Amino acid sequence: MLALDFAFLTPAVVSSYVLKGFVFSLQLTFIAMLGGIALGTVLALMRLSSKSWLIAAGRRLREHHAQHPAGDGDPLVLPAHPAGSIGRPLGAEYVGHHHLHPVRGGVLLSEIMRAGIQSIPRGQVFAGQALGMTYAQNMRLVVLPQAFRNMLPVLLTQTIILFQDTSLVYAIGAYDLLKGFEVAGKNFNRPVETYLVAAVLYFSISFSLSMLVRKLQQRIAIVR
Amino acid sequence: MSTWDWQVFCKDTIDGEIVPRCFGSAGDVTYLDWLLSAWGWTLSVSLLALLVALAFGSLMGILRTTPRRGLVLLGNAWTELFRNIPLLVQIFLWYHVVPALIPPLRGVPSFILVVLGLGLFTSARISEQVKAGIQSLPRGQRMAGLAMGFTLPQTYRYVLLPMAFRIVIPPLTSEAMNIVKNSAVAFAVSISELTLFALQAQEETARGIEIYLAVTGLYFITAFAINRVLHFIEQRVRVPGMIGGGH
C-alpha cells in the first residue's frame, strides 16, 4: 500500500500551479457558454422562422456539427485546424476557445433553446401581435425572456457539463485546471495525490452545482 | 487540391519510402497498416467499454428503481460519482492512481484500465437512461406483476425490463456513438488508437490534413455503423401495434 502524502500541497503551491489553470477553465467555460447561447438562440430562431432558406441553412449547420464524430467533445477536432495553431504561443488556447466550444455548444444549445421557445403557449405570440408588436419585438420582449427562464435549469446543467469538458483542452496542451494539477504532480513527483485531489475538486464543484440547479428547478416548478 | 498527397499512407514508417501496393510486408509497416491497426484499437476499446457500460449501467439503473432504499442509495451514489468527474480525469485515475493504491492491479495492461474507465464513466449515463425508461412505464405494470405472484426479480425480468429496454434504445444509440468518440481520450494514456495515430503520424509526415481527414472518416464510419446496427435492432424488436416500442 502506497503512503499518500498531501503535505506538499501548500497554499503557495496550489496558487502557483493550480489557480492559473482554474481561472482559465472558468474563463473557457463562460466564454464558450455565452458564445454557445448566442449562437444557439440565433440557430433556434432561424429554425423557427418562416423563411425557408433560413431554416435550411440552420439545419445544415446543426446537422453537420451534431453528426460529425469529431465534433462532439473529441479533442480530435482541434488539431484538425492546423492553420489556427501555428504561430503565437497562445495558439492552443486560441483554437480551444474558438473552434471547439461555441460552435458545438451552440448546436447543442440550439435544440435546448428551440424546446424553450416552443414551450411558450401560442397565445403569447398572438397576444404580442395583437398589441402591434413586430416580429423582432415579439421575440425580444415576449418569447425569449420566457424561453430563457423555462430553460434556465437545462442551460445551467449544460454549463456544468461544459466545465467538465474543458478538461479536454489538455489534448492541445492548454494550461487548464487538470494541466495545473498534472504539472504540480510531475514537479513534486506526487502524481497519485494530485490526480486524486483533481478528481475530488472536479467532483465537488460539479456535484454541488448540480444540487443547486436541482433546487432552482424545484423553485421554478412551484412558481408555474 | 493539388497539394494533397494521399501517397503518404503508402510510406514506410521507418524510412519514409513509398511501398508498392501500400501494405508493408516482412515486418515493414506503412502508415496504412498503422492506421488500420489504430482503428482496431479504437474499435476494441469502444466495444469492450460499451459492454462494461451496458452491464453496470443497466444494473445500477435497475437498482435505482427498486423499493429498497439501500439499493437506491447505492445506484444514486454510483451514478453521481461517475457523472461528476470529467472523463479525462477518470482515465488518469485508473491509469495512475488505482494501480498505486491497489497493488494487485499493478500488472494490468493500460488497455484494460482504459476500458474500465470509459465503461464506468458511460455506465453512469446509461444508468440514468435505464432508470428513466423503467419509470416511464405505468405503475400498474409493476403492481400487476407482483399481484400475479412474481417475485421482484421476476417482475423485472418478465414485465418491466422487456418494455423499458425497448424504450431506451434511442438514447442508448447515441450513448454507444458517444463511446466511440470518447475513446479518443485513450490516447492520453498511450493506447495506440486513432487519435494517437493522428497525432504521431502528423508529427512524422507533416501531412496533417490527409491524416486527420482519414481518421475523421474512420470515426464517422464507426459511429454511423453503430447507429445503423442499433437502428436495425430497434426495428426488429419493435412490439407490433406500438409506435417506437413505447406507448
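The shown structure was predicted, so the numbers you read here are calculated from the model rather than taken from an experiment. Quick note on labels: first sequence line is chain A, next is B, and so on, each numbered from 1.
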Q. Between A:L196 and chain B, which part of the residue has a heavy atom less than 4.5 Å away: side chain, backbone, both or neither?
A. both
Q | Side chain / backbone / both / neither for A:S204 at chain B, heavy atoms under 4.5 Å | A | neither
Neighbour count >12 (heavy atoms, 6.0 Å) for atom [atom1], [X]:
{"X": "B:Q235", "atom1": "CD", "answer": "yes"}
{"X": "B:F56", "atom1": "CZ", "answer": "no"}
{"X": "B:R68", "atom1": "CZ", "answer": "no"}
{"X": "A:F30", "atom1": "CZ", "answer": "no"}

Q) Can you name the residues that form a ring-ring contact (aromatic ring centres under 6.0 Å, His included) with B:F92, not counting sequence neighbours? A) A:Y170, A:Y195, B:H96
Q. Using non-hydrogen atoms and a limit below 4.5 Å, what part of residues 78-89 of chain B faces chain A?
A. B:E80, B:L81, B:R83, B:N84, B:I85, B:P86, B:L88, B:V89
